[in-house]
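Naming convention: chains lettered A, B, ... in sequence-line order (proteins, then strands); numbering from 1 in each chain.
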Amino acid sequence: MPELPEVETVKRGLTAPLLGASLDHVTLFRPNLRYDFPKDFASRLNGRRVLSLERRAKYLLIALDSQDIWVTHLGMTGRFKVHGADEAHTKHAHMALHFSPKAGGGSGQLSYIDPRRFGFMLLLSPDELYQATWYASLGPEPLSEAFSGDYLYEALKTKTSSIKALLMAQGLVCGLGNIYVCEALFAAGLHPEASGKTIGREACHDLVVAIKAILSRAIEAGGSSISDFAATSGELGYFQHQFSVYDRKGCACIRSGCHGVIERRVHQGRSSFYCNGCQKI
DNA sequence: CAAAGCTCCTGACCGC
DNA sequence: TGCGGTCAGGAGCTTT
């Protein structure tokens, strides 16, 4: 399930083949993912050149020389795969794109594969993107300086929702999903159901440090490969082997001196994993 | 307005 | 072995 480190891994993997490349021919194998593909999607991509690839939150932003920005969200199981131009597409491939790399050397193919189809793609002008409510309401990037302990403390002090729900909502800080929120809350010693406004300034500082550290380590590891995530080369990330709590129900807490056990509990339809010894409300 | 609930989808997994 | 039921989960939308 792609969160910030997985999308960052995809962006880095796509940059070498796609930056400066010409998009020669787009084929859609169905009319929609989570939403319909944009009207004229293929014709607006065909013949364009890629000017830049960026990531914002969990969105991949590919700027084209037509001024359009091709926005992709990978949802739960979306992934891009770069492969040979003649290679047949696999099951659940919903889009294929033949491209000519900037450096020459023939052509390649980019496939978008998404079994559950929770992903989606948009094609927007910069104004449309920046003015879109969903985009404008994204919180700061967690790895930016704007995301500080003081910022988090000020943002939390009026919130009654649980810290877990707040961190996952994208408006306070973006890019986090269930896995990295569970891991960060463990690292900071905070209970997932603790109300936002009960978290003090020092704990906010610790939490910010934990979030930045975990995301950085996960990016270095090429993300976490659970569910279907893989890099564009097909290579798997390996951060899932470093989880402290996620999917470790019943395991002993790894924190030295803690004799707690990892519990799994569902709140708000999402599973939380936390240590019953060192993560107190 | 804030917060909680619902919804989309299909592969994996479980119990019988 | 096969079948049906349940679950996972991002984020926009709806309801409270």
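In this structure, CZ of A/Arg116 is placed 6 Å from C1' of B/dT10, rounded to the nearest angstrom. One atom, NZ of A/Lys164, and another, C1' of C/dG10, lie 12 Å apart when rounded to the nearest Å. Going from atom CZ of A/Phe118 over to atom C1' of B/dC6 covers 12 Å, rounded to whole Å. Going from atom CG of A/Asp247 over to atom P of B/dA12 covers 15 Å, rounded to whole Å. Whole-Å rounding puts the A/Leu74 CG to B/dC9 P distance at 19 Å. When rounded to the nearest whole Å, the span between CE of A/Met121 and P of C/dG12 equals 17 Å. Straight-line distance from the CH2 atom of A/Trp134 to the C1' atom of C/dA11: 11 Å, rounded to whole Å. A/Phe120 has its CZ atom 9 Å from the C1' atom of C/dG10, to the nearest Å.
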Exercise for the section: Kindly indicate, with the supporting measurements, whether the criterion ring pair (Phe, Tyr, Trp, His ring centres under 6.0 Å) is fulfilled by A/His73 and A/Phe120. Expected result: CA-CA 5 Å; A/His73 193 293; A/Phe120 56 91; 5.4 Å; yes

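Comparing A/Ser161 and A/Arg270 along DNA chain B, the residue whose closest nucleotide (by nearest heavy atom) sits nearer the 5' end is A/Ser161. Ranked by how close their nearest DNA chain B nucleotide is to the 5' end, A/Leu166 and A/Arg30 are led by A/Leu166.
Note on A/Arg34: a base of the nucleic acid sits closer than 4.0 angstrom, heavy atoms only. Within 4.0 Å of A/Tyr59, counting heavy atoms only, lie sugar-phosphate atoms of the nucleic acid but no base atom.
Residue A/His92 places at least one side-chain N or O closer than 4.0 Å to OP1 or OP2 of B/dG11. For C/dG10, the OP1/OP2 oxygens have no side-chain nitrogen or oxygen of A/His73 closer than 4.0 Å. Residue A/Thr160 places no side-chain N or O under 4.0 Å from the OP1 or OP2 atom of B/dA2.
Of the inter-residue distances, the one linking A/Tyr112 atom OH with A/Leu74 atom CG reads 5.5 Å to the nearest 0.5 angstrom. To the nearest 0.5 Å, the span separating CH2 on A/Trp134 from CD on A/Gln170 amounts to 11.5 Å. Going from atom CG of A/Leu14 over to atom CZ of A/Phe99 covers 8.5 Å, rounded to the nearest 0.5 Å.
In summary, A/Arg79 and A/Glu6 do not engage in a salt bridge, as defined by a charged side-chain N under 4.0 Å from a carboxylate O. Using a 4.0 Å cut-off between charged side-chain N and carboxylate O, A/Arg217 and A/Glu220 make no salt bridge.
For A/Lys212, the NZ atom is densely surrounded, since the number of other residues' heavy atoms within 6.0 Å is greater than 12.
A/Thr158 and A/Lys197 are not linked by any side-chain donor-acceptor pair at a separation below 3.5 angstrom, with hydrogens and angles left out of the test. In this structure, a donor-acceptor pair under 3.5 Å is present between the side chains of A/Arg30 and A/Asn32.
Direction of the helix axis in the helix from B/dA2-C/dT16 to B/dC16-C/dG2 shifts by 50° between the two five-pair termini, rounded to 10°.
Scanning residues 168-176 of chain A for heavy-atom distances under 4.0 Å to DNA chain C yields A/Met168, A/Gln170.
Ring geometry for A/Phe41 versus A/Phe37: interplanar angle of 30 to 60°, hence tilted.
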